[in-house]
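See structure below.
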There are 2 protein chains.
Amino acid sequence: MQDLSPQQNAPNGIDEAIVSGILSARIRPGTRLSENQLASLFSVSRTRVREAMMRLEQRGIVKVSPRRGWFVVEPSAEEAIMVYAARRVIEAGLLGSMDRLTESGRDTLHAHLTEEKLAIAAGDRQRLTCLMGDFHIRIAELAGNAILVEILRDLTARTILISLLYQSDFHAMQSHLGHCRIVAAMEEGDFLKAAALSVEHLDEVETGLDLSRRPDPLADLRRSLSLPPQSAAPRTPPTTKPQTRTGE
Amino acid sequence: MQDLSPQQNAPNGIDEAIVSGILSARIRPGTRLSENQLASLFSVSRTRVREAMMRLEQRGIVKVSPRRGWFVVEPSAEEAIMVYAARRVIEAGLLGSMDRLTESGRDTLHAHLTEEKLAIAAGDRQRLTCLMGDFHIRIAELAGNAILVEILRDLTARTILISLLYQSDFHAMQSHLGHCRIVAAMEEGDFLKAAALSVEHLDEVETGLDLSRRPDPLADLRRSLSLPPQSAAPRTPPTTKPQTRTGE
DNA sequence: CTTTTCTGACTTGTATGCAAGATTTGTCGC
DNA sequence: GCGACAAATCTTGCATACAAGTCAGAAAAG
């Protein structure tokens with residue numbers, strides 16, 4: 001909708017490219033990020049790539065394994081729980097601290113919900129993933145606090161990685177309805193209700209996770225060979241119905 | 001009390017040294033941080049210093065002025081308002097989401113309040129500044145969410161910088177009492193009350209700021225010459241009572 | 001004396017080179 | 001065929017060299 005944050009530092013394209021890749025679920029957790037490859041991709045030296053990686057590490061998005069390489073984080077179950085808890089705290093606090101919804105704010109949210117509907121209708125999974133995460137960021141933007149927007153953006157990125165790891169199946173419609181309910185409460189001016197709905201919504205999503213599932217170390221290879229994803233019962237033949245995975 | 005965060009990355013001493021310097025108000029906003037000086041101070045090359053600076057920039061603690069140098073941030077009035085708003089949202093949300101106070105948690109908080117009292121009695125300003133900020137971090141630690149702890153730590157650092165810029169005078173006792181009230185509410189098990197008190201406490205501190213004051217570009221020189229700090233009425237002779245400034 | 005210009009000593013920005021460790025792969029012995 | 005060993009080839013870690021920009025102060029012009 002609007003481009004990169006206005007007063008925010010725009011360090012270089014590398015950071016945002018990676019984050020954007022994660023936000024749209026094009027980059028999976030555990031993906032290896034080679035300094036050399038990124039350097040030639042962006043036509044810069046390793047120095048700048050490393051600086052970008054340092055920043056992303058600070059944001060909890062990548063990790064370095066010493067002398068082995070940089071990897072997109074694979075949040076543990078404990079981290080996943082913390083991320084959702086943090087999001088509940090921040091988003092509920094944010095909504096609870098709001099007291100009015102401006103005209104343009106209402107329009108922004110409606111436009112967003114319409115986009116969600118369109119993406120669902122079109123079955124555009126990548127776009128949908130991105131939109132589902134963006135919804136919460138839009139709300140933070142409405143509250144006008146750039147600091148919290150930035151924090152939520154990083155938490156959203158981690159949320160998407162979590163869902164890619166632990167979410168076996170998900171109904172996009174359910175989340176969309178949750179978003180609609182939150183917007184409705186905001187339009188009523190009942191921000192405490194909106195906050196409660198937000199907590200409920202995040203609980204719902206978190207409950208849908210299977211946190212007991214161990215991250216599959218062979219996921220990449222599996223996908224490359226077009227093998228079915230790891231299932232709880234290894235002997236079970238693959239389900240014929242294609243799974244719909246989204247960031248939320 | 002307990003040392004560096006356990007599972008957290010301990011990148012190197014540079015980051016923490018600077019943050020610790022800010023947390024104890026030994027480093028003032030606007031302080032120049034020369035890559036070369038830091039490099040020789042820590043006996044490393046500029047490379048590692050730069051990496052540390054990049055991380056600190058990501059955390060909103062330092063800024064780079066291109067080809068001029070690195071500086072500890074001097075938050076603007078708008079940023080100051082955002083920082084306090086963010087802290088209210090997070091801390092209130094945190095307390096509101098808690099439902100019980102463990103024995104050891106109670107002990108930790110009591111020990112902290114005792115330390116605050118001791119620092120006040122001893123008039124140890126630096127220690128007091130550090131403690132005042134740490135109080136809120138302790139609470140986040142009690143809630144057990146490492147992500148929010150980290151976020152609050154950075155916000156606390158910025159808070160201290162803000163208070164150094166905009167806080168002309170402050171009574172440490174007032175904040176200490178605020179903390180005591182919050183702990184009391186927690187002991188009663190009334191976490192909603194604690195959350196409300198926390199918001200009230202932060203409001204109180206924010207109200208005590210003079211955000212209309214422009215940051216004084218001559219502050220460093222002034223301090224070097226032992227001149228009185230910039231006052232609202234320039235002709236007024238310096239007050240004889242020494243001002244007590246703390247991070248909160 | 002004031003103003004302008006220029007030079008030189010700083011700063012960070014970026015690339016590159018080399019060292020050290022981890023992983024893989026090829027090879028040998030059995 | 002199979003396991004152990006070794007070397008080749010990757011990876012990041014870190015220091016250094018040089019490019020480029022900024023600023024202060026000297027020197028020259030008015």
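Bear in mind that the values here come from a model prediction, so they are computed numbers and not experimental data. Here is the naming used below: chain letters follow the sequence lines, and residue numbers restart at 1 for every chain.
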Taking [atom1] from [X] and [atom2] from [N], how many angstroms apart are they, rounded to a whole number?
X	N	atom1	atom2	value
B:K63	C:dG13	NZ	P	13 Å
B:R32	D:dT22	CZ	C1'	10 Å
A:R68	C:dT24	CZ	P	8 Å
A:R48	C:dA15	CZ	P	6 Å
B:E35	C:dT14	CD	C1'	12 Å
B:F42	D:dG13	CZ	C1'	19 Å

Taking OP1 and OP2 of [N], is either one under 4.0 Å from a side-chain nitrogen or oxygen of [X]?
X	N	value
A:R46	C:dA15	no
A:T47	C:dT14	no
A:R50	D:dT12	no
A:N36	D:dT11	yes

Give a yes or no on whether the backbone of A:A172 and the side-chain of A:S175 come within a donor-acceptor separation of less than 3.5 Å. no

Judged by nearest nucleotide, the residue sitting upstream toward the 5' end of DNA chain C, A:S45 or A:P66, is A:S45

Given D:dC14, D:dT11, C:dG13, the nucleotide with the shortest approach to the side chain of B:V64: C:dG13

From C:dA15, D:dT12, D:dA15, pick the nucleotide closest to the side chain of A:W70? D:dT12

Please evaluate the base of C:dA20 for a donor-acceptor partner in the side chain of A:R67 within a cut-off of under 3.5 Å? yes

Evaluate the side chain to side chain contact (heavy atoms under 4.5 Å, CB included) criterion for residues A:V72 and A:K63: first the C-alpha distance (whole Å), next the side-chain angles of each, then the deciding distance (0.1 Å), finally the verdict. CA-CA 6 Å; A:V72 175; A:K63 273 259 181 249; over 6 Å; no

To check you understand the geometry: which heavy-atom pair defines the closest contact between B:L131 and B:A119, and what is its length? CD1-CB, 3.9 Å

Minimum heavy-atom separation for A:N145 and B:M82, please, with both atom names. ND2-O, 3.0 Å

Looking across every strand, which nucleic acid part, if any, lies under 4.0 Å from B:S65 by heavy atom: base, sugar-phosphate, or nothing? nothing

Could B:R138 and B:D134 be called an ion pair, given the rule that one side-chain N must be under 4.0 Å from one carboxylate O? yes

